[in-house]
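No experiment lies behind these values; they were computed from the predicted model shown. Per chain, numbering begins at 1; letters A, B, ... match sequence-line order.
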Amino acid sequence: MPELPEVENVKRGLAGQVVGKTIVGVDVRLPRIIRTPDDTLRFAAELQNCTITGISRRGKYLLFEIPPYTLVSHLRMEGQYRVAQAGEEELPHTHVVFRLHDGTELRYRDVRQFGTMDLIDASRAFPTGLVSLGPEPFDESLDSQTLYRSLKARRAPIKAVLLDQSCLAGLGNIYVDEALFLSHIHPERAAETITRKQAEVLLVAIRDVLSRAIDAGGSSVKTFVNGYGRHGGFQLELNVYAREGQPCRVCGTEIRKLRVAGRGTHVCPTCQRQPRKKRGG
DNA sequence: CATGGGTCCTGAGTGC
DNA sequence: TGCACTCAGGACCCAT
């Protein structure tokens, strides 16, 4: 599942392959992927003869700069981009194809069909998820005091709050579990009970795990590949995620899996002390 | 407003 | 072997 490190790697991989190229045609095979505009024929028509001038990332969103538009793309669970020669056989589940002037194609495929694309210009509102996004984890103006105050306002489990993109942008199930492990914080801890010191440790851990994952090319637990179709390597360095039943790399205790905020959640019961149960629990 | 549960979707895994 | 069933989860929608 592409989170910030995976999307960052997709961005870097695609940048060298499609920036500077002009779109000569767009084929939309699965209209549900295109959220904006409603009319997918218009989506294709408006992009025709536009040039991709840059690619950036905000949280888990990929932003293609295609003046006068921005194409906002979210990979959700299993969205993938590939660049191929026109005529080269397509992989299954290819839903959107951008034909480029040099005979290559930018192809979007997505087994689960959860991914979305919004074509935005000055006259259209940005997709809600993008406007309500919290700060980037590596934003220099983000300090632990800001994170502390955000957490203090929420009674939900810390895991649920960290998954909430309006609190902090870019974390998903893998890196939330990993950051909480590194911080010795149990995922069921109510966010409001996190101390200033713990918020400081947590922010360091979030930045540490994300930057190492970016450097390793992201995590390919199931299906992730970057813009060149290559797997990442960070799955080998995970401490808790997808390691149920295996020994903790720090203390040897068996990693356990539980459900928090409706998500599979991995903890070391020794390194991450459980919060005190409520009365009657 | 904050919170939590249901929903979208397909393939992999499980049990009989 | 085959079939029914469960599970995986990011963001959105909706009820409380």
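- For A:Glu244 and B:dG13, the CD to P distance is 15 Å, given to the nearest whole Å.
- Rounding to whole angstrom units, CG of residue A:Leu258 and P of C:dG9 are separated by 12 Å.
- The existence of a salt bridge linking A:Lys60 and A:Glu3 is excluded, since no basic side-chain nitrogen approaches an acidic carboxylate oxygen closer than 4.0 Å.
- Taking atom CG of residue A:Leu162 and atom P of nucleotide C:dA11, one finds them 13 Å apart after rounding to whole Å.
- Between A:Lys60 and C:dG10 there is no side-chain polar atom (N or O) within less than 4.0 angstrom of OP1 or OP2.
- The stacking criteria are not both satisfied for A:Phe114 over the base of C:dA11, which would need a centre-to-centre distance under 5.5 angstrom and an angle between ring planes under 30 degrees.
- Listed nucleotides C:dG10, C:dA8, C:dA11 differ in distance to A:Leu163; the shortest reach to its side chain belongs to C:dG10.
- Remark: A:Glu200 does not engage A:Arg196 in a salt bridge, criterion side-chain N to carboxylate O under 4.0 Å.
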Steps toward side chain to side chain contact (heavy atoms under 4.5 Å, CB included) verdict (A:Gln198, A:Leu151): CA-CA 11 Å; A:Gln198 284 175 321; A:Leu151 300 180; over 6 Å; no
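- In summary, of the residues considered (A:Val26, A:Ile23, A:Thr22, A:Val24), a side chain to side chain contact (heavy atoms under 4.5 Å, CB included) with A:Arg99 occurs for A:Val24 alone.
- With C:dA11, C:dG9, B:dC8 as the candidates, the nucleotide lying closest to the side chain of A:Arg32 is B:dC8.
- Considering only side-chain N and O atoms, A:His93 lies under 4.0 angstrom from the phosphate OP1 or OP2 of B:dG11.
- OP1 or OP2 of B:dC8 has not a single side-chain nitrogen or oxygen of A:Gln113 nearer than 4.0 Å.
- The base of B:dG11 does not come close enough to the side chain of A:Arg112 for any donor and acceptor atom to sit less than 3.5 Å apart.
- Judged by closest nucleotide on DNA chain B, A:Ala153 is the one of A:Ala153 and A:Arg263 placed further toward the 5' end.
- Atom P of nucleotide C:dG10 and atom CD of A:Glu3 are separated by 6 Å, given to the nearest angstrom.
- For A:Arg259, a side-chain nitrogen or oxygen approaches OP1 or OP2 of C:dA8 to under 4.0 Å.
- Going from atom CD1 of A:Ile33 over to atom C1' of B:dC8 covers 11 Å, rounded to whole Å.
- A:Gly129 comes within 4.0 angstrom of the backbone, heavy atoms only, and of no base.
- Here C:dA8 presents its P atom at 19 Å from CZ of A:Arg76, a figure rounded to the nearest Å.
- Contact between A:Ala190 and A:Arg155 at its shortest, heavy atoms only, is CB-O, 3.6 Å.
- Close to C:dA11, at under 4.0 Å from its OP1 or OP2, lies a side-chain N or O of A:Gln165.
- In this structure, A:Leu133 atom CG and C:dA11 atom C1' are separated by 11 Å, rounded to whole Å.
- An OP1 or OP2 oxygen of C:dG10 is reached within less than 4.0 angstrom by no side-chain nitrogen or oxygen of A:Tyr175.
- OP1 or OP2 of B:dT3 has at least one side-chain nitrogen or oxygen of A:Arg154 nearer than 4.0 Å.
- Between A:Glu136 and A:Arg57 a salt bridge is recorded (basic side-chain N to carboxylate O distance below 4.0 Å).
- Protein atom CZ of A:Arg58 is 16 Å distant from nucleotide atom C1' of C:dG10, rounded to whole Å.
- The phosphate of C:dC12 (OP1 or OP2) has a side-chain N or O of A:Arg35 nearer than 4.0 angstrom.
- Applying the 4.0 Å criterion to OP1 and OP2 of C:dG10, one finds that A:His74 has every side-chain N and O outside that range.
- Residue contacts shown for A:Lys159 are absent, as no nucleic acid heavy atom lies under 4.0 Å away.
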